[in-house]
Amino acid sequence: MQKLEHIGIAVKNLAEANVLFAQLLGSEHYKIEEVESEGVRTSFFRIGDVKIELLEATKPDSPIARFIDKRGEGIHHLAFEVADLPQSISEFQSKGFQFINPVPKNGADNKSICFLHPKSTQGVLVELCQERNS
Ligand code: ZN
C-alpha cells in the first residue's frame with residue numbers, strides 16, 4: 001500500500017451531501033462523475049492529501065443502494081493506492097485475503113479498482129486502486 005487515497009461515503013442525495021461536505025471541509029467538490037457500470041454517481045473533495053468520494057446510487061439494485069438499505073448512510077470504504085494492482089491482488093490472495101472482484105475493473109477518477117471482501121478485513125470494505133495507464 002502506498003497511501004490512503006480516498007474515503008468513500010454512501011449518501012442518499014448527492015446534491016444535498018455536496019452542500020454539507022462543502023460546509024464541513026471548507027472547499028467545494030472538484031468533480032462529479034458517474035460510473036454507469038457500478039450504478040453510482042460520485043463527487044470528489046480534496047482535504048490535504050486525501051480525497052473524499054461521495055457515492056449516490058443511480059439505480060435501486062446498485063451496490064450503494066443495497067448498502068444504504070442495510071446499513072444506512074455513512075462510511076462505505078477505504079481506498080488505498082497501490083503501485084501494481086495485479087501484483088497486490090496476488091500478494092493479498094497468497095496471504096489469505098478474499099476479494100469481491102479479483103479482476104480489476106474501471107472505477108471513478110481514472111482508477112483501476114478492486115475490493116477486498118469485508119469478511120477478510122474486519123468488516124471494513126477495502127478498495128485497492130491504481131491510476132489507469134500510469
Ligand atoms: Zn472508492
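Numbering of ligands and ligand atoms starts at 1, following listing order. As the structure is a prediction and not an experimental result, all values here were calculated from the model.
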Visitor: Check which protein N, O or S atoms are less than 2.8 Å from the Zn ion (ligand 1) and report how many there are.
Guide: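 Protein heteroatoms (N, O, S) closer than 2.8 Å to the Zn ion (ligand 1) number 4.
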Visitor: Please list all pairs meeting ring-ring contact (aromatic ring centres under 6.0 Å, His included) that have one or both residues in residues 14-39, counting only residues at least two apart or in different chains.
Guide: His29-Phe45
Visitor: Any side-chain to backbone donor/acceptor pair from Ser62 onto Ala57? Under 3.5 Å, distance only.
Guide: no
Visitor: Could you check whether any side-chain N or O of Thr58 sits under 3.5 Å from a backbone N or O of Gly39, counting only pairs where one atom can act as donor and the other as acceptor?
Guide: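 Side chain of Thr58 to backbone of Gly39, a donor-acceptor pair under 3.5 Å: yes, one is there.
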Visitor: Should Lys111 and Glu127 count as an ion pair when the cut-off is N to O under 4.0 Å?
Guide: no
Visitor: Okay, side chain of Glu73, backbone of Lys12: is any donor-acceptor separation there less than 3.5 Å?
Guide: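 Yes, because the side chain of Glu73 sits within donor-acceptor range (under 3.5 Å) of the backbone of Lys12.
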Visitor: Side chains of Glu56 and Leu54: does their closest heavy-atom pair fall under 4.5 Å?
Guide: no
